[in-house]
Amino acid sequence: GQNIDQPTEMTATEGAIVQINCTYQTSGFNGLFWYQQHAGEAPTFLSYNVLDGLEEKGRFSSFLSRSKGYSYLLLKELQMKDSASYLCAVRGSGNTPLVFGKGTRLSVIA
Amino acid sequence: EAGVAQSPRYKIIEKRQSVAFWCNPISGHATLYWYQQILGQGPKLLIQFQNNGVVDDSQLPKDRFSAERLKGVDSTLKIQPAKLEDSAVYLCASSPISIGYGYTFGSGTRLTVV
């Protein structure tokens with residue numbers, strides 16, 4: 001089976017940096033995904049890691065360590081519009097469906 | 001490109017009634033998924049189609065839920081009879097076959113069972 005853990009809630013200040021962690025246990029691994037979901041809206045794709053290391057995309061970066069079963073999403077220069085839930089999702093072997101964590105609700109305050 | 005279309009956007013029904021949701025994926029996307037998202041939780045897979053065949057329906061409560069994908073394009077998800085615990089957002093997503101692509105989700109159908 002698969003188990004994905006991430007913090008339930010986080011709060012950060014506008015302009016700051018925040019790191020959202022995700023740990024996972026899977027039978028087989030073929031990629032880790034981060035999604036952003038604003039309240040009442042569909043999840044939107046942010047990033048994908050399949051190899052160890054850091055992937056940077058503008059203000060957002062995602063890191064993966066396969067040996068530790070660990071990933072984080074780093075958000076820089078936080079803006080109020082970044083207030084949302086951030087979902088960590090893992091794909092097991094092959095092209096199996098993504099399994100999602102419960103999400104981290106991020107509140108950005110002034 | 002057009003996104004994943006879902007309808008209806010909202011639905012309220014009484015328990016024991018039936019309901020159906022519709023999804024039209026992105027053109028050319030072979031794989032289609034239905035996820036159930038209960039408030040405050042992450043999406044949970046119900047069923048995965050590749051073209052018009054079922055790949056994974058291990059978490060679909062088959063005594064009350066059914067799904068089909070017509071001609072490998074549109075899909076419908078049905079619940080009959082509905083229970084209170086079925087209140088959730090039902091998300092449809094699609095992706096190309098190639099590994100490494102994230103899914104594109106539709107806006108979802110918010111179902112309330114009273």
Side-chain angles (χ1 to χ4, degrees), chain A residues 1-9 20 22-24 26-51 55 57 60 62 64 71 73 84-107, chain B residues 1 3-7 9-10 21 23-26 29-51 53-60 67 88-112:
Chain A
Q2 292 164 313
N3 187 45
I4 301 170
D5 284 313
Q6 50 181 131
T8 303
E9 291 186 40
I20 302 174
C22 171
T23 57
Y24 64 90
T26 62
S27 50
F29 177 82
N30 202 10
L32 187 140
F33 297 75
W34 285 95
Y35 282 80
Q36 179 190 60
Q37 186 175 29
H38 285 101
E41 298 182 13
T44 55
F45 170 74
L46 288 178
S47 70
Y48 166 67
N49 296 71
V50 68
L51 299 176
E55 294 281 343
K57 194 185 293 186
F60 292 14
S62 57
L64 175 67
S71 173
L73 180 69
S85 285
Y86 291 86
L87 299 165
C88 174
V90 175
R91 169 178 282 140
S93 56
N95 199 17
T96 53
L98 296 186
V99 176
F100 286 82
K102 293 185 176 181
T104 298
R105 188 162 66 246
L106 173 68
S107 298
Chain B
E1 65 181 359
V4 176
Q6 286 190 250
S7 68
R9 189 77 174 88
Y10 303 94
F21 314 128
C23 173
N24 180 245
I26 290 175
H29 278 193
T31 312
L32 184 147
Y33 311 84
W34 284 100
Y35 279 84
Q36 179 194 57
Q37 188 173 25
I38 293 172
L39 188 64
Q41 297 186 20
K44 172 191 158 190
L45 179 76
L46 292 174
I47 191 167
Q48 176 190 6
F49 292 95
Q50 187 156 304
N51 297 311
V54 175
V55 176
D56 185 344
D57 64 355
S58 57
Q59 299 184 78
L60 187 74
V89 175
Y90 290 85
L91 294 164
C92 178
S94 69
S95 72
I97 287 181
S98 302
I99 295 172
Y101 282 86
Y103 300 170
T104 302
F105 283 89
S107 298
T109 296
R110 183 176 297 277
L111 174 67
T112 302

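Within every chain, numbering begins at 1; the chains are lettered A, B, ... in the order of the sequence lines, protein sequences first and strands thereafter.
Atom CD of A/Glu41 sits about 12.0 Å away from atom CG of B/Leu91, to the nearest 0.5 Å. The line from CZ of B/Phe105 to OG1 of A/Thr44 is 10.0 Å long, rounded to the nearest 0.5 Å.
The choice from B/Arg110, B/Gln37, B/Gln50, B/Lys44 that makes the most heavy-atom pairs within less than 4.5 Å of chain A is B/Gln37. Between chain B and the options A/Pro43, A/Ser85, A/Gly31, A/Gly101, heavy-atom pairs under 4.5 Å are most frequent for A/Pro43.
No side-chain heavy atom of A/Pro97 sits less than 4.5 Å from a side-chain heavy atom of B/Thr31. Contact check for A/Tyr35 versus B/Pro43: no side-chain heavy atoms found under the 4.5 Å cut-off.
The minimum heavy-atom distance between B/Ser107 and A/Ala42, with the atom names listed, is CA-CB, 4.0 Å. Heavy atoms only, all atoms of each residue included: A/Phe45 and B/Gly102 are closest at CD1-CA, 3.8 Å.
Under the salt bridge (Lys or Arg N to Asp or Glu O under 4.0 Å) criterion, A/Arg105 pairs with A/Glu9, not counting sequence neighbours.
Using a 4.5 Å cut-off between heavy atoms, A/Gln6 makes no contact with chain B at all. B/Gln6 does not touch chain A: none of its heavy atoms, backbone or side chain, sits under 4.5 Å away.
Judged by distance alone, with hydrogens and angles left aside, the side-chain atoms of B/Tyr103 form a donor-acceptor pair with the main-chain N or O of A/Leu98 at under 3.5 Å.
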